[in-house]
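Heads up: the structure comes next, in structure tokens.
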2 protein chains.
Amino acid sequence: MNSASSNLTNNATAASGAVSPTAGTPATPVAAAANAPAAVVAGTNTTAAALPVASASPTFSPLYQQIKALITQSLQSGEWKPGELIPSEVELAGRFKVSQGTVRKAIDELAAENLVMRRQGKGTFVSTHHEARAHFRFLRLVPDEGVPHYPESKFIEVKRVRAPADVARLMDLKSGDAVIFIKRVQYFDGVPTIVEELWLPGLIFKGLTAERLVEYKGPMYGLFETEFGTRMIRASEQIRAVCADAGAAQLLNIDLGTPLLSSERVSFTYGDKPVELRRGLYLTSRHHYQNELS
Amino acid sequence: MNSASSNLTNNATAASGAVSPTAGTPATPVAAAANAPAAVVAGTNTTAAALPVASASPTFSPLYQQIKALITQSLQSGEWKPGELIPSEVELAGRFKVSQGTVRKAIDELAAENLVMRRQGKGTFVSTHHEARAHFRFLRLVPDEGVPHYPESKFIEVKRVRAPADVARLMDLKSGDAVIFIKRVQYFDGVPTIVEELWLPGLIFKGLTAERLVEYKGPMYGLFETEFGTRMIRASEQIRAVCADAGAAQLLNIDLGTPLLSSERVSFTYGDKPVELRRGLYLTSRHHYQNELS
DNA sequence: AAGTGGTCTAGACCACTTT
DNA sequence: AAGTGGTCTAGACCACTTC
């Protein structure tokens with residue numbers, strides 16, 4: 001509980017106690033161990049001018065960034081789970097002993113990064129992959145005609161193996177570490193279009209079986225987030241054009257040598273920790289990879 | 001000049017005269033022509049409660065969005081050119097008769113959209129394509145090894161033609177409208193890697209010749225922005241895998257049938273107006289298309 | 001009516017750059 | 001020293017949702 005107001009360092013020395021309109025309450029009782037937290041320092045603007053505490057700080061970080069980090073920790077720890085409502089700005093401001101405006105700026109950035117979603121009048125919610133909006137952030141292959149929609153999966157293989165060297169390197173594991181290997185084909189309107197291989201850290205995804213994958217309907221990232229507490233928040237893709245080899249040709253029911261789009265994706269969770277490697281081959285005769293540059 | 005404070009409608013009825021700590025100055029004299037601009041309405045919170053002006057407004061738009069639109073207009077009109085310094089927040093606040101905070105929020109969004117760049121202590125600058133940072137927003141093909149860098153261009157063809165139907169459709173022109181057609185090959189470290197065809201509206205890019213393209217060193221978008229006053233601000237790409245045809249194979253010095261990455265890009269300037277169609281074939285044996293999903 | 005996020009203002013001070 | 005953007009606060013009110 002109330003692990004709040006721990007080690008915040010306010011480098012800004014805001015105009016606090018000086019003008020507090022209500023009674024002359026100290027306003028920030030705070031356990032206040034070592035260094036002074038938010039909104040302390042109390043001093044009329046004249047004397048408070050050049051506090052070395054603020055300027056000399058070698059590791060400068062705005063208050064709202066510190067708040068953002070604290071909120072992110074709570075998201076990461078699962079204190080607030082995907083889809084849930086997080087405390088209101090007013091409550092967080094009270095908890096962290098900062099103004100609502102500072103909390104707001106922290107949440108603004110989290111919302112910009114798609115970690116949370118604001119809804120006027122209702123509150124701020126933890127983002128979840130169980131939502132149409134989130135689906136197409138990570139699924140970029142869309143039909144040339146008609147509306148984008150989610151493909152059906154057919155799993156070819158699910159097994160526990162030791163990570164090959166290249167996989168281990170990309171996922172920040174040691175070569176030989178246990179990983180779960182998944183191979184599947186995805187169908188758009190019954191047409192096999194994607195063949196995909198995934199590697200997941202065995203430690204995190206212990207207990208992931210073919211059955212659970214088959215049972216679960218919807219994007220895999222939704223399953224990962226609810227069943228394994230691991231939420232993918234960003235990914236990096238490398239895309240190339242290749243020729244279909246025998247295996248891909250058979251699974252996609254195409255001629256050997258058909259050009260395919262190859263994508264290698266590394267997905268990251270909180271703290272930029274890689275937690276998935278995905279290698280896909282996309283048939284792009286009736287679909288394309290859609291990308292917005294801005 | 002001072003076309004400012006024209007038609008802003010403040011739906012927020014801010015807390016103005018009510019609490020102003022200093023003397024009881026009206027605080028916002030304002031020329032106030034037709035409809036009341038920012039921070040007017042003056043009235044203690046009790047009576048000002050349900051002003052029909054604010055609530056009934058059918059086309060609600062926050063003040064900062066209106067400011068943002070005004071600033072965007074100035075960018076579009078060339079009042080402030082790429083690379084130039086725009087007026088300070090304080091000055092814009094004065095010009096538009098709003099608080100600095102409101103201007104700040106408007107500029108925040110413009111900065112997030114890469115239309116302007118803020119530099120602490122110096123000011124806010126109009127973004128330009130004559131900058132390393134901007135280059136790689138639109139050039140996504142990077143070498144598998146080594147640092148990203150810009151390719152060299154060799155122009156194959158530059159001519160004025162009538163827009164084919166498909167080109168006209170994508171560029172929001174009429175079939176048969178004059179367009180400038182450019183074909184070029186791009187080399188990374190001397191290796192031909194990209195063959196690209198561009199279509200540009202003839203009206204806007206009148207006077208664009210092969211000579212000027214050859215003379216100019218650097219990204220074409222830089223040339224477009226300085227010589228033709230047209231700045232690309234976003235683009236939409238569709239990517240596929242294809243086989244090299246005879247033409248591409250010859251230009252890229254590869255075998256017929258080699259898999260190539262095909263990209264079709266439509267670029268937009270202010271007002272989401274399409275002003276470029278670009279079709280490229282990328283050789284991805286030593287390069288890849290890099291994309292960040294977030 | 002109460003609670004939430006969204007907008008707007010005003011003022012103070014900090015960090016950075018230039019003069 | 002002066003000017004710019006960056007941070008922080010405090011308070012008021014609006015828009016929206018729920019009770």
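Predicted model only: the values in this text are computed from it and were never measured. Numbers restart at 1 for each chain; the letters A, B, ... are given by sequence-line order, proteins then strands.
- Atom CD in A/Glu89 sits about 15 Å away from atom P in D/dA10, given to the nearest Å.
- For the pair A/Gln100 CD and D/dG11 C1', the interatomic distance rounds to 10 Å; values are reported in whole Å.
- Note on A/Arg119: every side-chain N or O is 4.0 Å or more away from OP1 and OP2 of C/dG5.
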Exercise for the section: Verify ring-ring contact (aromatic ring centres under 6.0 Å, His included) between A/Phe224 and A/His129, making sure each step is shown before the conclusion. Expected result: CA-CA 9 Å; A/Phe224 294 168; A/His129 285 286; 9.1 Å; no
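- Rounded to an integer number of Å, the gap from CZ of A/Phe96 to C1' of D/dC8 is 16 Å.
- With rounding to whole Å, A/Ile107 atom CD1 is found 13 Å from C/dG6 atom C1'.
- Atom pair A/Tyr64:OH and C/dA15:C1' shows a separation of 13 Å (rounding to whole Å applied).
- A donor-acceptor pair is defined here as one N or O able to donate and one able to accept, closer than 3.5 Å; such a pair exists between the side chain of B/Lys81 and the backbone of B/Gly78.
- In this structure, the CG atom of B/Leu92 is 14 Å from the P atom of C/dT9, given to the nearest Å.
- Between D/dC8 and A/Lys105, no contact under 4.0 Å exists linking OP1 or OP2 to a side-chain N or O.
- In this structure, D/dT4 and C/dA15 make a Watson-Crick or G-U wobble pair, each of the two defining distances being under 3.5 angstrom.
- One side chain, B/Gln290 or A/Ser236, offers a donor N or O that lies under 3.5 Å from an acceptor on the other.
- Atom-to-atom, CD of B/Glu91 to P of D/dG5 comes out at 10 Å; the value is rounded to the nearest Å.
- Rounded to an integer number of Å, the gap from NZ of A/Lys122 to P of D/dC19 is 10 Å.
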